[in-house]
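So the structure is just underneath, and the comments pick up after that.
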Amino acid sequence: MDFCVGNTTKSCDGASDDDENGSTRKKLRLSKQQSAFLEESFKEHTTLNPKQKLALAKQLNLRPRQVEVWFQNRRARTKLKQTEVDCEYLKRCCESLTEENRRLQKELQELRALKTCQPFYMQLPATTLTMCPSCERVATNTTGAAATNKNNPAAALSIDKPRILP
DNA sequence: TCAGACTCCTCCTTTACCTCA
DNA sequence: GTTGAGGTAAAGGAGGAGTCT
């Protein structure tokens with residue numbers, strides 16, 4: 001396969017050795033075929049062993065260093081994308097928690113209002129008042145459920161963490 | 001067995017260049 | 001034709017792991 005077909009501008013001069021001395025730093029553009037082939041390889045393995053690197057370089061008519069650098073940059077791009085996805089995910093978590101907090105604050109206010117309205121004999125100690133008015137479940141420890149998920153808001157909110165696949 | 005030198009590899013940051021609106 | 005932003009190939013340095021003496 002000829003990977004130098006259809007190149008734009010300075011593509012495919014990477015295999016030349018005119019910048020081997022380090023004096024010039026030519027910017028080349030990989031051809032679509034080369035990029036596509038590298039992408040396919042990246043899907044199979046995100047890092048290369050020396051044999052794979054050499055084989056790829058030979059196949060694409062590039063220097064091994066170029067293949068290496070391409071994989072380096074590709075891993076960086078993947079990581080950046082994953083960071084963006086993680087950021088979105090955390091934003092959603094934050095929004096959900098804010099909403100949950102708002103709801104609980106409101107509920108607390110309602111409970112306080114209810115308490116001031118009730119006659120004295122109805123005002124039992126807090127430890128015996130264990131029914132949650134929102135879910136109508138009876139519990140013995142009101143702080144237990146919150147403590148279980150305090151370090152994992154996602155688990156508490158049932159939000160699946162998204163993952164970028166190579 | 002341990003320490004130091006060396007090599008190789010990956011990651012991260014920066015630079016330089018290309019493309020496009 | 002010029003310019004600025006965004007994308008990306010490439011360079012260079014830091015640090016970790018493996019090998020050798």
Side-chain angles (χ1 to χ4, degrees), chain A residues 1-109 132 134-135 137 139 141-166:
Chain A
M1 195 187 291
D2 182 8
F3 283 103
C4 281
V5 176
N7 288 326
T8 59
T9 61
K10 290 178 179 175
S11 300
C12 267
D13 55 359
S16 68
D17 52 2
D18 57 356
D19 55 349
E20 288 291 305
N21 55 16
S23 60
T24 57
R25 183 169 156 183
K26 279 195 178 173
K27 184 86 175 184
L28 70 103
R29 197 86 192 169
L30 300 178
S31 71
K32 278 184 180 168
Q33 289 100 325
Q34 284 171 323
S35 295
F37 201 86
L38 287 165
E39 279 291 344
E40 284 305 309
S41 305
F42 189 79
K43 277 181 194 169
E44 285 172 29
H45 26 66
T46 56
T47 55
L48 293 174
N49 61 38
K51 249 186 178 177
Q52 291 170 325
K53 195 201 302 180
L54 277 174
L56 258 181
K58 199 173 177 186
Q59 218 163 347
L60 298 175
N61 192 29
L62 294 171
R63 278 174 285 128
R65 173 67 181 158
Q66 283 179 291
V67 174
E68 186 183 311
V69 165
W70 187 92
F71 268 75
Q72 235 173 65
N73 287 320
R74 185 64 180 77
R75 283 192 292 271
R77 284 197 289 274
T78 301
K79 193 174 179 183
L80 190 67
K81 271 268 187 296
Q82 184 60 54
T83 303
E84 284 171 10
V85 169
D86 285 351
C87 195
E88 270 306 307
Y89 162 75
L90 288 173
K91 233 165 86 182
R92 276 172 53 208
C93 281
C94 186
E95 283 166 5
S96 297
L97 286 171
T98 304
E99 182 54 39
E100 174 79 352
N101 186 41
R102 201 171 295 138
R103 190 185 65 73
L104 288 170
Q105 290 286 353
K106 193 180 163 196
E107 200 174 297
L108 184 62
Q109 266 188 351
C132 172
S134 62
C135 63
R137 263 186 289 174
N141 185 356
T142 54
T143 59
T148 306
N149 291 319
K150 71 176 182 181
N151 291 326
N152 190 356
L157 298 166
S158 303
I159 299 174
D160 291 331
K161 190 168 183 177
R163 278 280 138 208
I164 297 256
L165 296 172

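A, B, ... follow the sequence lines: proteins, then strands. Residue 1 opens every chain. All values reported here derive from a predicted model rather than from experimental measurement.
Helix bend of the helix from B/dA3-C/dT21 to B/dA21-C/dT3: the angle between its two end axes, each built from five pairs, comes to 10° after rounding to 10°.
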List, with names and distances, any nitrogen or oxygen atoms from the protein found under 3.5 Å away from nitrogen or oxygen atoms belonging to nucleotides 6-11 of chain B.
residue, atom, partner, partner atom, Å
B/dC11, OP2, A/Arg75, NE, 2.3
B/dC11, OP2, A/Arg75, NH2, 3.1

Sub-3.5 Å pairs of nitrogen or oxygen atoms, protein against nucleotides 14-20 of chain C:
none

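Listed by chain and residue number, nothing satisfies the salt bridge (Lys or Arg N to Asp or Glu O under 4.0 Å) test with A/Glu44 (two or more places apart in sequence, or in another chain). Shown here are the side chain to side chain contact (heavy atoms under 4.5 Å, CB included) partners of A/Asn49, two or more places apart in sequence or in another chain: A/Lys51, A/Gln52. Remark: A/Lys106 pairs with no residue by the side-chain hydrogen bond (donor to acceptor under 3.5 Å, both in side chains) rule, at least two apart or across chains. For the side-chain hydrogen bond (donor to acceptor under 3.5 Å, both in side chains) test, residues two or more places apart in sequence or in another chain that qualify with A/Glu39 are A/Arg74. The side-chain hydrogen bond (donor to acceptor under 3.5 Å, both in side chains) test applied to A/Gln72 returns no partner, not counting sequence neighbours. Remark: A/Arg75 pairs with no residue by the salt bridge (Lys or Arg N to Asp or Glu O under 4.0 Å) rule, at least two apart or across chains. Legend: residues meeting side-chain hydrogen bond (donor to acceptor under 3.5 Å, both in side chains) with A/Glu99, ordered by chain and number and at least two apart, are A/Arg102. The salt bridge (Lys or Arg N to Asp or Glu O under 4.0 Å) check on A/Glu88 picks up A/Lys91, with sequence neighbours excluded.
Applying the ring-ring contact (aromatic ring centres under 6.0 Å, His included) test to pairs two or more places apart or on separate chains, none has a residue in residues 48-70 of chain A.
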